[in-house]
K.L.:
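There's a structure below that I have some questions on.
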2 protein chains.
Amino acid sequence: MDRKTRLRQSGLSCTRWRYNILKILKDSHLPLTSKDIYKMLPTPKPNLATVYRNLNRLVEKKLVRCVTLGERARYYELIQPDTHKHRIICKTCGQIEAFEPVGCDLKSFEKLIKEKFNFKVEEHSLEFFGTCPKCQSFHSQR
Amino acid sequence: MDRKTRLRQSGLSCTRWRYNILKILKDSHLPLTSKDIYKMLPTPKPNLATVYRNLNRLVEKKLVRCVTLGERARYYELIQPDTHKHRIICKTCGQIEAFEPVGCDLKSFEKLIKEKFNFKVEEHSLEFFGTCPKCQSFHSQR
DNA sequence: AAGTGTTTGCAAAACATTTGCAAATACATA
DNA sequence: TATGTATTTGCAAATGTTTTGCAAACACTT
Ligand SMILES: [Mn+2]
Ligand SMILES: [Mn+2]
Ligand SMILES: [Zn+2]
Ligand SMILES: [Zn+2]
C-alpha cells in the first residue's frame, strides 16, 4: 500500500512533511531521532516543531513507535506488523544495531506476568548493551 | 556493608547528600527520577544540580544504574550484584512494576549476538509494556 | 472555486540536565 | 585537634529537547 493511502486510512491528511517523514522512516532500518529526520528532509526544510507535531500524530495513530534508547533524545521507527526487533547498543560509541529474532521466546514471561500481576502485555522491548567490535579493538590497542 | 564504607571503597568521599541519595536508592524497590529523589531528601534541600552531580558520580562508579523507561526523565536504581530485574510498565498510568526473573533465559540471544555481530554483551534490559489491572478495569467500565 | 478544519512557521515557553565560579566541606596529615 | 588540599556545594546561567499559542497557508470535501 502506498503511503498516501496508508495515511488516509488512519484518518490523517497527506501533507508534504507528513508524507516525507513517513517515507524516511519507511526507508530506515534503524530508529531515527527528530534531528536525524530533520536533516534528511528536503530543502527548503520545515520548522522543527512541524517534525515533532507530525511524529506525535503518527505515534498517536500507531503508524510509528517512539523508543528511548538511553540517549537524551527519543527515537522513532515505523511500526511494521508481524515483525519486531531487538536492539544491540554500544555503550562506548552509541552505535545501534537491530536484529529480528527468529522466534521470540518471551511468551513464557508474558504468561507469568499475566498470572502473577494480572497485567495485560501489549508489547516488549529488549535491548542488549555492551561493546561493538570496533570499540573492542580500539579499547584493546591502547 | 554500610553506605559510608561502600562509598569510600569506590573512591568517593562520603558527603551529606551523596550519603542520603544512596540511602534513598537502597530503600527503593523501584527506580527513581532525580525529582523523586529530590522530594525524598530531608529539608533543608540541596540544589537540584547537586542531586544530578551525585547521581552522575554514582553511575560513573557503578554503584547506580541509569535507565530510560519511555518517559522524558531518566530513572536511577541501585546496582545489586547477582540480581537483575525486568520491568512491566503501564502505558496508560505509567505505573512501573519490577520482577526478578527466576532464571533469565536470554543466554541464547547473547550467544547469537556474539557469533553474528561479534558484539560483547555486558547487560540487557527487558521491558514489557501494556495495561495494568487498575487501568484495565477502568477502561472496561466506561 | 469556495468553505472548513487541519497543518505550518515562528517565537516563546516548558522541561530535564549540565556547567562555571566562588564559598563551604571532607578528609588526610601533621 | 589544627591545617592544607582536593572535592563538593549553591547559585545562576547555559544547553538540548520537546511543546505550545497564534495567525497565515494548506488539504480536502462539496
Ligand atoms: Mn522480542
Ligand atoms: Mn534478564
Ligand atoms: Zn562502539
Ligand atoms: Zn495503569
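Proteins get letters first, then strands, A, B, ... in listed order; numbering begins at 1 in each. Computed from a predicted structure; not experimentally measured.
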K.L.:
B:Arg57 has a side chain; which of D:dT19, D:dT8, C:dA16 sits nearest to it?
P.N.:
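Selected nucleotide: D:dT8.
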K.L.:
If you pin B:Thr50 and B:Arg72 to their nearest nucleotides in DNA chain D, which one's is more 5'?
P.N.:
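The residue closer to the strand's 5' end, by nearest nucleotide, is B:Thr50.
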K.L.:
Give the nucleotide from the list C:dT18, D:dT19, C:dC27 with an atom nearest to the side chain of B:Ala49.
P.N.:
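Of the options given, the side chain of B:Ala49 lies nearest C:dT18.
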K.L.:
Rounded to whole Å, please give me the gap between OH in B:Tyr38 and P in C:dA16.
P.N.:
14 Å
K.L.:
Can you tell me how far P of D:dG10 sits from NZ of B:Lys45, to the nearest Å?
P.N.:
12 Å
K.L.:
Would you say a side-chain N or O of A:Asn56 is under 4.0 Å from OP1 or OP2 of D:dT19?
P.N.:
yes
K.L.:
A:Glu71 has an atom CD; how far is it from atom C1' of C:dT17, in whole Å?
P.N.:
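That distance rounds to 14 Å.
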K.L.:
Nearest of C:dT19, D:dT17, C:dG9 to any side-chain atom of A:Trp17?
P.N.:
C:dG9
K.L.:
The side chain of B:Pro46 is closest to which nucleotide in this list: D:dG10, C:dT7, D:dT19?
P.N.:
D:dG10
K.L.:
Identify whether the distance between the nearest side-chain nitrogen and carboxylate oxygen of B:Glu115 and B:Lys111 falls below 4.0 Å.
P.N.:
yes
K.L.:
Reckon A:Tyr52 has a side-chain N or O less than 4.0 Å from the OP1 or OP2 of D:dT18?
P.N.:
yes
K.L.:
I need the minimum non-hydrogen distance between A:Tyr52 and A:Ser34, along with the two atoms involved.
P.N.:
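Shortest heavy-atom contact: OH-OG, 2.8 Å.
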K.L.:
Looking at B:Lys85, B:Arg65, B:Lys26, which one forms a salt bridge (charged side-chain N to carboxylate O under 4.0 Å, His left out) with B:Glu77?
P.N.:
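In the set B:Lys85, B:Arg65, B:Lys26, the residue that makes a salt bridge (charged side-chain N to carboxylate O under 4.0 Å, His left out) with B:Glu77 is B:Arg65.
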K.L.:
In whole Å, I'd like the distance from the CG atom of B:Asn47 to the C1' atom of C:dG20.
P.N.:
13 Å
K.L.:
When you measure from the side-chain N and O atoms of A:Asn54 to the phosphate of C:dT7, is any distance below 4.0 Å, counting only OP1 and OP2?
P.N.:
no
K.L.:
For B:Glu122 and A:Thr131, does a side-chain donor sit closer than 3.5 Å to a side-chain acceptor?
P.N.:
yes
K.L.:
Nearest nucleotide by nearest heavy atom, which residue falls closer to the 5' end of DNA chain C, B:Tyr76 or A:Pro44?
P.N.:
A:Pro44
K.L.:
Say whether A:Phe117 and A:Val121 are linked into one hydrophobic cluster, either directly or through other cluster members, by side-chain heavy-atom distances under 4.5 angstrom.
P.N.:
yes
K.L.:
Give me the ring orientation class for B:Phe109 and A:Phe128: parallel if the planes are under 30° apart, tilted from 30 to 60°, perpendicular past 60°.
P.N.:
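The rings of B:Phe109 and A:Phe128 sit tilted, inter-plane angle from 30° to 60°.
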K.L.:
Remember a base hit wins even if backbone is also touched, and classify B:Ser34 as base, sugar-phosphate or nothing at under 4.0 Å, heavy atoms.
P.N.:
sugar-phosphate
K.L.:
What is the separation between atom CZ on B:Arg8 and atom P on D:dT8, rounded to the nearest whole Å?
P.N.:
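For the pair B:Arg8 CZ and D:dT8 P, the rounded distance is 11 Å.
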K.L.:
Output the rounded distance in Å from CZ (B:Arg74) to P (C:dC15).
P.N.:
18 Å
K.L.:
Would you indicate, yes or no, if C:dT7 has its OP1 or OP2 atom less than 4.0 angstrom from a side-chain nitrogen or oxygen of A:Arg16?
P.N.:
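It does not, given that no N or O in the side chain of A:Arg16 lies less than 4.0 Å from OP1 or OP2 of C:dT7.
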K.L.:
May I have the distance from B:Leu12 (atom CG) to D:dT7 (atom P), rounded to whole angstrom?
P.N.:
11 Å
K.L.:
Looking only at the side chain of A:Arg18 (C-beta and beyond, no hydrogens), which of the listed nucleotides C:dT7, C:dG9, D:dG10 gets closest?
P.N.:
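Selected nucleotide: C:dT7.
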K.L.:
Tell me: CG of B:Asn20 to P of D:dT8, nearest whole Å?
P.N.:
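Rounded to whole Å, this separation is 16 Å.
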K.L.:
Looking at the side chain of B:Ser13, which of D:dT19, D:dT8, C:dT18 is the nearest nucleotide?
P.N.:
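Side chain of B:Ser13 sits closest to D:dT8.
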K.L.:
Just to be sure I understand the rule, does B:Arg53 reach a base, reach only the sugar-phosphate, or reach nothing, if contact means heavy atoms closer than 4.0 Å?
P.N.:
base
K.L.:
Where the side chain of B:Thr15 is concerned, which of D:dT9, C:dC15, C:dT18 is the nearest nucleotide?
P.N.:
D:dT9
